[in-house]
Amino acid sequence: IQSYSLSHTLIAFMQTLPDITSVKKDAWNKKTGLLILDVRFAGDNDKLATLLDGQRIKQYIVSVVDTAPNRLEMEITK
């Protein structure tokens with residue numbers, strides 16, 4: 001995530017998805033683009049990955065690139 005405003009847009013979008021009860025920002029680094037979120041979800045990683053992968057947020061596309069127990073890695077690209 002390359003901008004502070006895009007991080008807020010992503011969080012607001014994720015809060016609208018079914019079964020997500022909370023999304024909180026843990027950390028963000030502009031140089032690396034790394035955004036770490038604490039997401040509370042009523043389901044497993046595969047279900048969350050399916051909900052997020054391919055979603056459009058403004059002119060950006062969400063791609064799930066890695067999953068592990070209690071962790072999901074995404075890329076946000078134009």
Side-chain angles (χ1 to χ4, degrees):
I1 301 285
Q2 297 303 317
S3 74
Y4 189 75
S5 64
L6 182 56
S7 71
H8 283 280
T9 301
L10 175 63
I11 290 168
F13 169 76
M14 289 179 69
Q15 289 172 332
T16 68
L17 295 175
D19 299 324
I20 291 183
T21 57
S22 129
V23 181
K24 295 179 183 172
K25 181 171 24 177
D26 280 348
W28 174 64
N29 184 300
K30 184 176 176 118
K31 282 187 178 181
T32 65
L34 181 65
L35 173 66
I36 299 173
L37 301 174
D38 179 8
V39 178
R40 303 299 169 163
F41 178 70
D44 60 21
N45 271 7
D46 287 333
K47 185 176 177 185
L48 182 57
T50 300
L51 276 175
L52 291 169
D53 194 50
Q55 289 286 345
R56 289 192 163 274
I57 303 169
K58 295 188 178 185
Q59 71 269 29
Y60 299 94
I61 298 174
V62 176
S63 299
V64 175
V65 295
D66 192 21
T67 62
N70 298 317
R71 186 179 60 80
L72 185 75
E73 186 175 326
M74 303 179 293
E75 289 181 349
I76 311 296
T77 56
K78 282 192 174 186

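Positions are given from 1 along the sequence. Everything numeric in this text was worked out from a predicted model, so none of it was measured. Scope of the values below: all heavy atoms of this structure, side chains included, with no hydrogens, waters or symmetry mates.
Within the 4.5 Å cutoff, no side-chain heavy atoms of Phe41 are placed close to those of Leu17. Between Met74 and Leu52, some side-chain heavy-atom pair lies under the 4.5 Å cut-off. Between Arg71 and Asp66 the shortest side-chain heavy-atom distance falls below 4.5 Å. Side-chain contact between Leu10 and Leu35: present, with at least one pair of heavy atoms (C-beta onward) separated by less than 4.5 Å. A heavy-atom distance below 4.5 Å is not found between the side chains of Gln55 and Ile61. Using a 4.5 Å heavy-atom threshold, the side chains of Ser22 and Val39 count as separate.
Listed by chain and number, the residues in a side-chain hydrogen bond (donor to acceptor under 3.5 Å, both in side chains) with Lys30 amount to none (sequence neighbours excluded).
Put simply, the side chain of Thr32 gets close to the backbone of Leu34: a donor and an acceptor are under 3.5 Å apart.
Asn70 contributes atom CG, which lies 6.5 Å from atom CG of Asn45 (distance to the nearest 0.5 angstrom). With rounding to the nearest 0.5 angstrom, the CE atom of Met14 is 13.0 Å from the OG1 atom of Thr9. Residue Leu48 holds its CG atom at 5.5 Å from CD1 of Ile20, rounded to the nearest 0.5 Å. Atoms OH and CD1, from Tyr60 and Ile76 in turn, are 10.0 Å apart once rounded to the nearest 0.5 Å. Here NZ of Lys24 is found 12.0 Å from CG of Leu37. Values are rounded to the nearest 0.5 Å. In this structure, CG on Leu6 lies 9.5 Å from CH2 on Trp28, to the nearest 0.5 angstrom.
Residues Val23 and Tyr4 share a hydrophobic cluster, clusters being chains of Ile/Leu/Val/Met/Phe/Trp/Tyr side chains in contact below 4.5 Å.
Listed by first and then second residue, the salt bridge (charged side-chain N to carboxylate O under 4.0 Å, His left out) pairs that reach into residues 12-23 are Asp19-Lys47, sequence neighbours excluded. Residue pairs meeting the salt bridge (charged side-chain N to carboxylate O under 4.0 Å, His left out) criterion with at least one member in residues 37-46, sequence neighbours excluded: Asp38-Arg40.
The nearest pair of heavy atoms linking Asp53 to Ser63 is OD1-CA, 3.3 Å. Shortest non-hydrogen contact noted between Ile1 and Ser7 is CG2-N, 3.6 Å.
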